[in-house]
Structure formats: structure tokens, C-alpha cells
Amino acid sequence: KLSNKELYSYFVRLCTPDSAQAAVMTDVLAANDWHQFAFLSTGDAYAQGLADQVAELENDRPSLRLKGVYETIEVVADSASKELRHGQWRPAVQRLVDSGAKIWLICAAA
């Protein structure tokens, strides 16, 4: 309903840029000495863009000493139930578990 410009002509949606969100995430990781982390994202533009920005900051700011392990889940939802099938996420999650990372960042579009 909020997208109806006749009813809500002054309503706008804002989103913080991926670069700003990634900067906060990496600063929080570094400030807490959480140098090894796992990043799980869905393959959509929103989640993958944020993962890419975190990876870029990890490389551009070596003083943070961050080491991320990244996995992407390509979401192909069952059209009837809209639920993910176990086979879609289990291998990626297992690789992150095996990485030993204690901090996980998870990003998925709604």
C-alpha cells in the first residue's frame, strides 16, 4: 500500500549504500578482534553486492587483518511453498562450519 503514490505522495524508501553497510560491518569485526568470519549470502543483487563490498574492504584495508570465508546460495524457491529446499543451502553452510569461523554475517533479500 505504501507504494501507492496517490495515497502516500510523500512516502519514500531509503537504503544505506552497500559500501557504508560494509564499512560498519568490517569496523565492528575489527574493533572486537573478530578477524576470521564467515559471510553467507543469497545470489541476488542486494546480498551479493554487500558481500562484494565486504570482500573489497577486506582486501583494501589490510590493517584490519580480516579473513573472510564467503559462500553464496543461489535461491531457487519452490514456486508452491516459497521455501528453500535443504539441498540448496546445506553444502554452503557445511563449508562455513568447516572453516572454523565463529562470527557469521548472513545477508539475504526478503
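The structure displayed is predicted, hence computed values, not measured ones. The analysis underlying the following values was restricted to heavy atoms, covering all of them including side chains, and did not include hydrogens, waters or symmetry mates.
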- Message: Do V69 and I106 sit in one hydrophobic cluster, given that two such residues count as connected whenever their side-chain heavy atoms are within less than 4.5 Å of each other, even indirectly?
- Response: yes
- Message: Tell me whether L105 shares a hydrophobic cluster with W34, the cluster being built from Ile, Leu, Val, Met, Phe, Trp, Tyr side chains joined at under 4.5 Å.
- Response: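 Yes.
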- Item | Heavy-atom neighbours of K102 NZ exceed 12 at 6.0 Å |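 Counting neighbours around NZ of K102, 12 or fewer heavy atoms of other residues, nucleotides or ligands fall under 6.0 Å, so no.
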Taking side chain as C-beta onward, heavy atoms only, is [X] less than 4.5 Å from [Y]?
X   : Y    : result
Y70 : R95  : no
N4  : F11  : no
F39 : M25  : yes
L29 : I103 : yes
C15 : Q21  : yes
T26 : L66  : yes

- Message: Side chains of Q48 and D44 only: does a donor on one sit below 3.5 Å from an acceptor on the other?
- Response: no
Minimum-distance pair of heavy atoms, taken over all atoms of [X] and [Y]:
X   : Y    : answer
S41 : A51  : OG-CB, 4.0 Å
L50 : C107 : CD2-SG, 3.7 Å
A38 : A101 : N-CB, 3.7 Å
L64 : A30  : CD2-CB, 3.5 Å
Q53 : A22  : CB-CB, 3.6 Å

- Could you tell me whether the side chain of H35 and the main chain of K67 form a donor-acceptor pair under 3.5 Å? no
- Message: Main chain of S99, side chain of Q36: is a donor-acceptor contact present, judged purely on distance under 3.5 Å?
- Response: yes
- Task: Could you go through the side chain to side chain contact (heavy atoms under 4.5 Å, CB included) check for V93 and L40 one step at a time?
- Result: CA-CA 8 Å; V93 170; L40 179 64; 4.1 Å; yes
- Would you check, one step at a time, whether the test side chain to side chain contact (heavy atoms under 4.5 Å, CB included) holds for R90 with I73? CA-CA 9 Å; R90 191 172 303 240; I73 299 173; over 6 Å; no
